Amino acid sequence: MDELLNLDWGAIGEATYDTLTMLGLSMVFTVLIGLPLGIILFLTSRGQLLEQPVVYALLSLVVNVLRSVPFVILMIMLIPFTRLVVGTSLGVSGSIPPLVIAAAPFFARLVETSLREVERGVVEAAQSMGATYWQIVSRVMLPEARPGLIAGATITAVTLVSYTAMSGVIGGGGLGDLAIRFGYQRFQTVVMIVTVLLLLVLVQILQSLGDRLVRKFQRK
């Protein structure tokens, strides 16, 4: 109990805020990039509205390569790019680019999978009524796939929580950085336990919120 009382709760609160900032910003950019990318992957795949085997193969290759690189290694590889974009590879700002580059392809695949679950007959009905490709995507496919898209966004957000923790390895800030610098390097076990518990609570909140939204939009 004394160890808990003696903890620097101000530092823990600041680290929690940094983690939430990294999560929020990276999730916004992940959706802005991953959603269109997933739609393009789906539309250019075999048998779809804009079938383009070469385009699909190239995009699929890029997505698979980015998804296959472990996040810690990806962060180190992207240090020059991160410095070019945001001016630093440390702290919250330095964590955003690698987080987005790691998560956007992951989310794009989930978007593609969700769109594949839309019934073909619904799309064909829209085509028979003269709907344009944009109208089919925006007014038919995305609304029909909404529960799957929300579930995919939830999975991506939970994944990003673990990525933000790993960013602490190279000074990315947040709870991961706090756990490594104090919990691991200074052998402060209580700090490690508290940061892990906070991350678990955050994951639970995200998962519960995502599940509730999926149930809300899912057809009975």
Side-chain angles (χ1 to χ4, degrees), residues 19 21-48 50-86 88-118 141 145 148-177 179-180 184 196 199-200 202-203 206-207 210:
T19 294
T21 301
M22 287 189 288
L23 175 63
L25 291 176
S26 60
M27 189 64 197
V28 168
F29 287 111
T30 293
V31 172
L32 290 177
I33 297 173
L35 182 60
L37 180 58
I39 293 172
I40 294 173
L41 279 169
F42 171 75
L43 292 177
T44 57
S45 62
R46 179 178 297 180
Q48 301 305 327
L50 302 176
E51 181 178 351
Q52 293 288 338
V54 175
V55 174
Y56 179 80
L58 290 175
L59 288 177
S60 186
L61 177 62
V62 172
V63 167
N64 289 340
V65 168
L66 292 176
R67 288 180 59 200
S68 64
V69 180
F71 181 65
V72 174
I73 297 176
L74 183 65
M75 281 193 303
I76 296 172
M77 291 174 57
L78 289 174
I79 285 177
F81 173 77
T82 303
R83 287 175 176 167
L84 179 65
V85 173
V86 298
T88 179
S89 62
L90 302 176
V92 174
S93 299
S95 298
I96 302 301
L99 285 171
V100 174
I101 292 174
F106 178 78
F107 181 60
R109 280 299 188 196
L110 296 177
V111 171
E112 181 187 6
T113 301
S114 297
L115 292 176
R116 289 189 185 280
E117 295 176 356
V118 176
M141 300 184 71
L149 295 175
I150 295 173
T154 302
I155 295 171
T156 303
V158 171
T159 302
L160 276 171
V161 172
S162 65
Y163 285 174
T164 61
M166 282 188 281
S167 68
V169 173
I170 60 170
L175 291 170
D177 180 59
I180 291 172
Y184 176 70
V196 169
L199 289 171
L200 287 174
L202 178 57
V203 167
L206 290 172
Q207 190 64 59

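Since this is a predicted model, take the numbers as computed values, not measurements.
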Can you name the side chain to side chain donor-acceptor pair (under 3.5 Å) partners of [X], sequence neighbours left out?
{"X": "Q52", "value": "none"}
{"X": "R116", "value": "S45, E112"}
{"X": "Q48", "value": "R120"}

- Message: Test your reading of the model: is there a side-chain donor-acceptor pair from S167 to the backbone of T164, 3.5 Å cut-off?
- Response: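 Between the backbone of T164 and the side chain of S167 there is a qualifying donor-acceptor contact (under 3.5 Å).
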- Drop me the distance from F81's CZ to L78's CG, to the nearest 0.5 angstrom. 7.0 Å
- Note on the structure: When rounded to the nearest 0.5 Å, the distance separating OG1 of T113 from CZ of R109 is 8.0 Å
Under 3.5 Å, sequence neighbours excluded: what are the donor-acceptor pairs made by side chains of residues 152-162?
unit_1	atom_1	unit_2	atom_2	d
T154	OG1	I150	O	2.9
T156	OG1	G152	O	2.8
T159	OG1	I155	O	2.8
S162	OG	T159	O	2.6

- Item | Residue pairs passing the ring-ring contact (aromatic ring centres under 6.0 Å, His included) test where at least one lies in residues 53-77, sequence neighbours excluded |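 Passing the test, one end in residues 53-77: F71-Y163.
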- Pairs where residues 154-166 contributes a residue and the test salt bridge (Lys or Arg N to Asp or Glu O under 4.0 Å) is met, not counting sequence neighbours: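 Pairs touching residues 154-166 that pass the test: none.
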Pairwise side-chain contact, [X] with [Y], heavy-atom cut-off 4.5 Å (strictly under):
{"X": "E51", "Y": "T44", "value": "no"}
{"X": "V63", "Y": "R67", "value": "yes"}
{"X": "L23", "Y": "L206", "value": "yes"}

- Item | Pair L59-L37, side chain to side chain contact (heavy atoms under 4.5 Å, CB included): steps then yes or no | CA-CA 8 Å; L59 288 177; L37 180 58; 4.0 Å; yes
Any residue meeting side chain to side chain contact (heavy atoms under 4.5 Å, CB included) with [X], in chain and number order, not counting sequence neighbours:
{"X": "L58", "answer": "V54"}
{"X": "V69", "answer": "I73, L74, M77"}
{"X": "A145", "answer": "S114, L115, V118, L149"}

- Task: Sorted by first residue and then second, give each side chain to side chain donor-acceptor pair (under 3.5 Å) pair with at least one member in residues 28-43; sequence neighbours left out.
- Result: none
Tell me which donor-acceptor pairs under 3.5 Å the side chains of residues 93-108 have, and how far apart each pair is, sequence neighbours excluded?
unit_1	atom_1	unit_2	atom_2	d
S95	OG	G91	O	3.0
S95	OG	G172	O	3.0

